[in-house]
Amino acid sequence: MRPIRRVWITRAQPGAARTAARLTALGFEPVVAPLLTLRPLPDALPRFLGDAPDLNTVAALAFTSPNGVEAFAALTPLLRDRRVFAVGDATAEAARAAGFADARSAAGDIHALARLINASPIKGLILAPGAREPAGDLPALLPGRHIRRLPVYAAEETDAVPPADFDAVLVHSPRAARALAAVLSPDAAQNRLAVCISDAAAAPLNALNFAEIRTADAPDEPSMLTALGKSVSPV
């Protein structure tokens with residue numbers, strides 16, 4: 001496997017820019033070529049209000065990504081006094097930055113988020129703003145709770161051309177992995193490293209000829225960067 005210096009970032013903006021800054025601080029050369037773009041769904045809240053016209057019915061909110069937080073916060077200034085259940089620390093931080101004072105982190109994946117919600121004494125409707133095509137099914141994990149999904153953004157493929165020169169690629173979601181598998185030839189993956197946020201994100205890459213596919217110990221970016229390892233010094 002080739003030494004790791006140039007790292008391809010496949011995640012959508014604005015997260016890609018944050019990842020690039022972290023990679024630069026660690027001595028890597030980021031290659032920003034997102035395979036996904038996020039399109040807000042501005043009619044999401046009117047559709048919800050058409051069915052349940054009183055937002056006071058919402059007892060709490062559940063977010064599975066910072067993208068969901070940012071998209072929902074742009075739709076309404078309301079519900080900032082509700083408790084937020086967040087899948088991880090970055091999502092909880094995004095919620096606090098958006099004005100949600102009571103944000104609790106599950107510090108894990110969607111299963112950890114479900115356990116956090118299940119342990120809470122909060123009753124009533126829990127609104128879960130997120131992607132139109134979510135990676136996991138939170139309501140199915142909480143059959144005894146009133147969880148309602150609210151699609152607030154759509155992740156769409158960009159059809160970006162893979163960069164000509166990269167040593168490793170970061171894959172932040174199963175959706176990004178599927179997009180990567182669609183645009184990268186098996187030969188182009190040779191001698192290169194893929195670092196994935198989860199087993200589900202790694203699975204679509206098995207047909208490619210990566211020298212190694214590493215999975216983060218926890219489903220968050222700090223763990224991905226740990227799995228990436230250290231940058232080689234420039235010659």
Side-chain angles (χ1 to χ4, degrees), residues 11-19 21-22 36 38-142 144-155 172-173 175 197 218-224:
R11 71 185 302 195
Q13 296 286 14
R18 295 192 290 265
T19 301
R22 294 181 184 116
L36 298 175
L38 304 182
R39 179 172 62 85
L41 301 177
D43 63 342
L45 203 54
R47 285 177 181 272
F48 171 76
L49 292 174
D51 295 334
D54 187 359
L55 280 177
N56 288 326
T57 61
V58 176
L61 295 152
F63 292 104
T64 56
S65 74
N67 296 328
V69 174
E70 293 163 6
F72 179 76
L75 291 176
T76 177
L78 302 177
L79 304 181
R80 297 304 195 271
D81 60 339
R82 301 303 199 271
R83 177 172 295 181
V84 165
F85 299 103
V87 70
D89 294 345
T91 302
E93 289 171 9
R96 296 184 193 106
F100 297 97
D102 185 8
R104 312 289 178 92
S105 171
D109 58 10
I110 193 170
H111 297 278
L113 177 60
R115 290 192 294 271
L116 178 67
I117 293 171
N118 219 24
S120 168
I122 289 179
K123 305 297 182 183
L125 173 62
I126 297 178
L127 191 62
R132 186 171 60 188
E133 299 178 16
D137 190 347
L138 185 62
L141 296 175
L142 292 163
R145 293 278 189 160
H146 186 191
I147 311 291
R148 176 160 177 177
R149 289 187 53 242
L150 178 67
V152 291
Y153 72 91
H172 283 75
S173 68
R175 183 70 187 276
I197 197 167
D220 54 46
E221 187 164 274
S223 298
M224 292 178 70

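Below, each value reflects all heavy atoms present in this structure, side chains not excepted, and no hydrogens, waters or symmetry copies. Predicted model, so just to flag it, every value in this text is computed and none were measured. Each residue takes its place number in the sequence, starting with 1.
The side-chain heavy atoms of V84 and V69, taken from C-beta on, include no pair separated by under 4.5 Å. Two residues are said to be in side-chain contact when any heavy atoms from C-beta on lie closer than 4.5 Å; P219 and V87 fail this criterion. Side chains of L138 and I110 form a contact here, defined as non-hydrogen atoms less than 4.5 Å apart.
The nearest pair of heavy atoms linking V152 to G68 is CG2-O, 4.0 Å. Smallest separation of non-hydrogen atoms from S173 and I197: N-CG2, 4.0 Å. For A92 against A103, the heavy-atom pair with the smallest separation is O-CB, 3.8 Å.
When the side chain to side chain donor-acceptor pair (under 3.5 Å) test is applied to N56, the partners found at least two apart in sequence or on another chain are D54. With sequence neighbours left out, the side chain to side chain contact (heavy atoms under 4.5 Å, CB included) criterion links P14 to R18, E70. Among residues two or more places apart in sequence or in another chain, the side chain to side chain contact (heavy atoms under 4.5 Å, CB included) test is passed with P139 by D137, I147, R149. Take L41 and apply the side chain to side chain contact (heavy atoms under 4.5 Å, CB included) test, not counting sequence neighbours, and it matches R39, D43, A44, R132, P151, A154. Every residue two or more places apart in sequence or in another chain that forms a side chain to side chain contact (heavy atoms under 4.5 Å, CB included) with T19 is listed here: I9, R11, R22, L23, L170, H172, E221.
Separation of atoms CZ (F100) and CZ (F72) is listed at 5.5 Å; rounding is to 0.5 Å. Remark: L116 CG to F85 CZ distance equals 6.0 Å, nearest 0.5 Å. Interatomic distance, OG1 of T64 versus CG of L113, reported as 7.5 Å (0.5 Å rounding). Here CG of L142 is found 5.5 Å from CG of N118. Values are rounded to the nearest 0.5 Å. Interatomic distance, L125 CG to H146 NE2, rounded to the nearest 0.5 Å: 5.0 Å. Interatomic distance, L150 CG to L75 CG, rounded to the nearest 0.5 Å: 7.5 Å.
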field: Stepwise side chain to side chain contact (heavy atoms under 4.5 Å, CB included) check, I126 with S120
entry: CA-CA 11 Å; I126 297 178; S120 168; over 6 Å; no
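A side-chain hydrogen bond (donor to acceptor under 3.5 Å, both in side chains) check over residues 98-112, counting only residues at least two apart or in different chains, returns the pairs R83-D102, D89-S105, D102-R104. The side-chain hydrogen bond (donor to acceptor under 3.5 Å, both in side chains) pairs that include a residue from residues 72-81 number zero, where partners must be two or more places apart or lie in different chains.
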